[in-house]
Structures are given as structure tokens and as C-alpha cells.
Amino acid sequence: MRNYMEAESSASIDSSCSYHQLDDHDDGNENNNKNSTNIDDCRLRELGYKQELYRGLSFIANFSLTFSIVSVLTGISTLYNQALTFGGPVTIVYGWPIIGLMTLIVGLAMAEICSAYPTSAGLYYWSAKLAGNKFGPFASWITGWFNIVGQWAVTTSIDFSLAQLVQVMILLSTGGLNGGGYKASKYVVIALHGGILLLHATLNSLPISWLSFIGQLAAAWNVLGVFLLMILIPLVATERTSAKFVFTNFNTDNGDGINNNLYIFVLGLLMSQYTLTGYDASAHMTEETKSADKNGPKGIVSAIGISVLAGWAYILGITFAVTDIPHLLNKKNDSGGYAIAQIFYDVFKSRYGSGVGGIVCLGVIAVAVFFCGMSSLTSNSRMAYAFSRDGAMPYSLFWHKVNKQEVPLNAVWASAFIAFCMALTSLGSLVAFQAMTSIATIGLYIAYALPILFRVTLARKSFTPGPFNLGSYGLIVGWIAILWVALISVLFSLPVAYPITEQTLNYTPVAVGGLVILVVSSWIFSARHWFKGPITNIGSSSEEA
């Protein structure tokens, strides 16, 4: 098989595959769609790949899948405790737009590169192209592994969070912690996690047209859920906090021995940054998206922008119902210390004498988390498909196969199985598992930053942008994005409690450092001898099969 540089030159001489922009004045949607698909397929051949996946996603469908992965209902609701503990309302209300702005900058830098290289391989292909012949294979290797491990960690975290939320809903439905309610053991929670992954893998075995419909349903559910809860919860509450509390209260009573205000604020930012991840999904879906060099980048930027706005609205609505922070975080309350659940439960119980309405509202969040996990697995499987297509994964020939519906079925089930195995760490130490959130955040953002770094350094003069580009601002945006990722990689590796013990240690630097050692050592001792970066599948035996 040939490497990506050979693929590009080989594909470019294909006379049937001249790359040009779609004429805005073409008549008829059907003709436009056909022309767009032909151009997309030809562009993919120029990048070194034949079309194997079904290209049926519109911009709305691509955006919807990514928006449902970002899912503000998922990230904010499951990590509200973290932000409430470290800084409270000030961290939540002001931290969100700060993180949102910086995330949008990272997304813009990624979108520009996505437009130039619209392939499901995404980040690691970008790194290979931008780092050049000499450094391309190593750049591709390290970017790809950080990307795929980060994605697996995200899926693990999302589905495990859903299992925990279901457990809290069962607890409250049976009377709550103080009313003899059923509190599931860690073994029941891991079984729930496995069942959720099984459902997600089954749904992801369906044709992409079905996933497109479900993705759009998920996006609508997220938007409607945000506006329903942000209005309903303060409206039902018999006691609401003041605007002064929401916009000025800074909670320093974290019980973790951390007293420095800046340090507290930084630790509380994890909720926002964890939520605003996963938007690389639009890039991984480009081989299934029409007008991919335009709609892929638009999917990235739109998913971030709308999530930031919707998320801030949700945060404000919920925080106006926060009247007693110590009570919400108390592990002896009815929800076992699950802040969002306790807010909803208390609001309805104080108004109607029953918390059933609050449990129903938790159900709205649970459905959003379910959709989020499903879409995350979709993105995972496409990344695994592309990475194995380029020979980077063990048993690559098996994992990159597609079925008759043009779905990478083996990659779907492999990703689900790995996500289940990663959650097994929770049986040994929940503290160690909770580091998965930081690993997912840092691992993905390192993968996001690497191709941007190569874009503004090694490829500063040679980079040829696609239809979506930042013009003269590309380098400035790129450097800001890189500096931000470097900063959060340090910040989210800091200790989260003092004194430091095996139960309070932040395992993030241990896990990320371990991943670095594994990826680099595997390169030195093995992969550098055989991995030459992305490889073409044009004219290969797989094409003839």
C-alpha cells in the first residue's frame, strides 16, 4: 500500500476527478445533490481514499449529530456538582462564557483545517499532511491515538454518567436516601452502563439514514429540553435566589482544603470545558456528509456557538433555583449529593408535596444523555474505522470493514466494548474513574491542538485552505488555540484536594502521562518501522473485493 503523499499525486491525475466548487446557480435540487456528491467523492479520492461510507448527511444532519454529542444538558447536569463545589454561581455563570469563547477559537482553527481535508480520518490525517513527509507519520500516530483514546473516554464517561443518573432516579422514585429508597451498588451501576452501551451499539448498527433522523431528533430534544427546564424549574420553585446571589456569590467552602480563590475558580471550570468537547465529530462524519468541505466546518462552529448560547441560558435558569449550596452537595440528602437531581426534587416537593415532577425533569436530561452517548459512539466508530483503514490499529483489516448498509459495524461494537472495559476502573476506585472526565477533556484537546500547531508552524507557508477559511486571521487564531490547550492541560492536572492521598489524588496526569509513554514507546520500538501515515485504499485489493 502507498502512503498519503503518493495517494494524493496518484489521485490527482484521475481525469474524472477534477475538484471544483459547486455552481450556486445550478438548477434543481436533485442535480445539485448529485453534483455535490460527485465533487465530494472526487475530493476524497484526491485525498487518497475511495468512497466506502454512504454520503447522505446534510449540514443539518451533520450539525445535529455533533450538537447532540456536545449536549449541554449532559455536561452541565452531570458536572454541576464540580462547579458548585469550586466557586459556585460565579464560576458557573462567568466561567461558561469564558470557556465558550476559547472553545470557539479552537473550533474555528479546526474548522479551517477540516475544510482543507474533509475525511473521516480527521485530526490524525490533518497532522500527517501538515507535518510533512519527515514528521508526518509520527505526528499522525500520536494525534490519532490521543484522539481515539479521548473519544473512548468521552463515551465511557457519558454512558457511565447516564447509569449513575438512572440510579439516582430509581433512588428518588423509591423514597430517596432518607426514605428507605433503593441505592444501587457499584455492580448494578456497571451493569446499567453495559446495558446502555449495548443499546447504543445496536442503534449504531443501523444505516446512516436512521442515525441522521435520530441525530436531528436528539438536537431538537436538547434545544427544547434546555428551554423547558430553564423556564420550568425557576417557575415552579417556591423560593428563588436573588440576582445578586447568582451573579456575585463565590463559594469557597469546598471542604477539600483549597482556599485560594483563583485556584478554586480554575477547578470549577472543568464542568464547562468538559461539556464543550466532542465537536470533532463533524470532521469524522465528513465522508458521509454532502458538500463536506463546507458543511463539516460549519457543523463544528455551529455546534459550539449554539451550545454556548443554550448552555448559558440553562445555567442561569437552574442557578436561580439554588438557595442552599451545602444542602445540595450533602451526600446524606435524598439524592445522595447529586446537586441537579436534588434541585429538581426539592423544587417540585416544596410546591406540590411530591418530587415526582422533578424525577420527570431528570428523565428529560436522561434522554438527552442517552442521545449524547449514542452520537458519541457514532463518532468513535468512524474514527476507529478510519484509523484502522490506515493500518494504525491492531487487526486493522477486521475493524475497518463495512457491511452492506455501508456501516463500519465491527468498529461500532469494538468501540462499545472498549468503553465498557474502561468503566470497569470504577469497581476499584470511583476517584480513579472520575479522572476519566479530565482525561477525556485533556486527551481530546491535545489531539485538537496538534494539527493546529503543525498548521501554524511547519505548514505556515504551504497550507492551502478550503472554502471555509480564516484568511489572515488563521495564524493568530491558531496560536491562541494552542496556548489555551496548553493552559487547560496544566490546570486540569492540578490536585483537587489537600492533603493529597490515594483517595484525593488527581489521576489525570498519571493517566495522560501513561498514555504518552505508551504511544511514544510503541512508536519507537515498533510503529516507526511500518506506520507511514495515512495510506490510500484506491487501487488496493480491498477496492477490488
Side-chain angles (χ1 to χ4, degrees), residues 71-81 83-84 92 158-186 188-189 191-193 195-196 199 217-218 220-241 246 310-311 313-374:
S71 183
V72 295
L73 284 177
T74 298
I76 293 172
S77 301
T78 56
L79 276 183
Y80 197 75
N81 275 51
L84 206 57
I92 294 168
I158 292 168
D159 281 9
F160 192 82
S161 295
L162 178 55
Q164 289 178 314
L165 179 57
V166 170
Q167 178 262 319
V168 171
M169 292 172 65
I170 293 171
L171 174 63
L172 293 173
S173 299
T174 53
L177 192 63
N178 297 310
Y182 173 72
K183 185 173 176 61
S185 69
K186 59 184 179 181
V188 173
V189 173
L192 285 170
H193 173 69
I196 292 164
L199 285 173
L217 176 64
W221 185 276
N222 271 274
V223 171
L224 293 175
V226 163
F227 286 101
L228 170 68
L229 295 176
M230 66 170 280
I231 295 171
L232 183 63
I233 298 303
L235 190 65
V236 173
T238 56
E239 183 182 358
R240 286 179 290 275
T241 194
V246 171
Y314 178 56
I315 281 170
L316 288 174
I318 298 304
T319 307
F320 268 102
V322 173
T323 57
D324 188 349
I325 294 176
H327 165 65
L328 296 177
L329 297 174
N330 189 343
K331 294 189 180 300
K332 294 183 180 180
N333 64 26
D334 280 322
S335 67
Y338 201 116
I340 283 285
Q342 194 64 45
I343 292 171
F344 291 3
Y345 190 73
D346 287 347
V347 160
F348 278 87
K349 193 170 184 179
S350 65
R351 170 73 69 177
Y352 302 109
S354 169
V356 172
I359 298 170
V360 172
C361 288
L362 289 176
V364 173
I365 294 175
V367 173
V369 181
F370 182 85
F371 283 140
C372 178
M374 186 209 75

If you take all heavy atoms of [X] and [Y], which pair is closest and at what distance?
X	Y	result
Val72	Asn222	N-OD1, 4.3 Å
Cys372	Ile158	SG-CD1, 3.4 Å
Asp334	Leu171	O-CD2, 3.4 Å
Ala339	Tyr80	CB-CD2, 4.2 Å
Ser77	Ile340	O-CG1, 3.5 Å
Ser71	Ala368	OG-O, 3.9 Å

**OP:** Side-chain contact test, heavy atoms from C-beta onward, threshold under 4.5 Å: evaluate it for Phe371 versus Leu217 and give yes or no.
**Re:**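 A side-chain contact under 4.5 Å exists here.
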Original post:
Side chains of Val188 and Gln167: closer than 4.5 Å at any heavy-atom pair?
Top reply: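 Val188 vs Gln167: side chains apart.
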**OP:** Please assess Phe344 against Leu229 for the test side-chain contact (heavy atoms from CB on, under 4.5 Å), listing each intermediate value before the final yes or no.
**Re:** CA-CA 9 Å; Phe344 291 3; Leu229 295 176; 4.3 Å; yes
Gap separating the [atom1] atom of [X] from the [atom2] atom of [Y], nearest 0.5 angstrom:
X	Y	atom1	atom2	result
Leu162	Leu199	CG	CG	10.0 Å
Leu73	Leu224	CG	CG	10.5 Å
Lys349	Gln342	NZ	CD	8.5 Å
Leu172	Leu177	CG	CG	9.5 Å
Ile92	Ile318	CD1	CD1	10.5 Å
Met169	Ile359	CE	CD1	7.5 Å

Short side-chain to backbone donor-acceptor contact, [X] and [Y], under 3.5 Å:
X	Y	answer
Asn81	Tyr338	no
Asn333	Asn330	yes
Thr174	Tyr182	yes
Asn178	Lys332	yes
Ser350	Val347	yes
Trp221	Val364	yes
Arg240	Phe320	no
His193	Phe160	yes

Original post:
Which of these, Val356, Val236, Ile233, Ile343, sits in a side chain to side chain contact (heavy atoms under 4.5 Å, CB included) with Cys361?
Top reply: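 That would be Ile233.
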**OP:** Begin with the C-alpha distance, continue with both residues' side-chain angles, and end with the deciding distance and a verdict on side-chain contact (heavy atoms from CB on, under 4.5 Å) for Leu232 and Phe348.
**Re:** CA-CA 10 Å; Leu232 183 63; Phe348 278 87; 4.0 Å; yes
Original post:
Going through the distances and angles, do Ile365 and Leu165 end up as a side-chain contact (heavy atoms from CB on, under 4.5 Å)?
Top reply: CA-CA 9 Å; Ile365 294 175; Leu165 179 57; 3.9 Å; yes
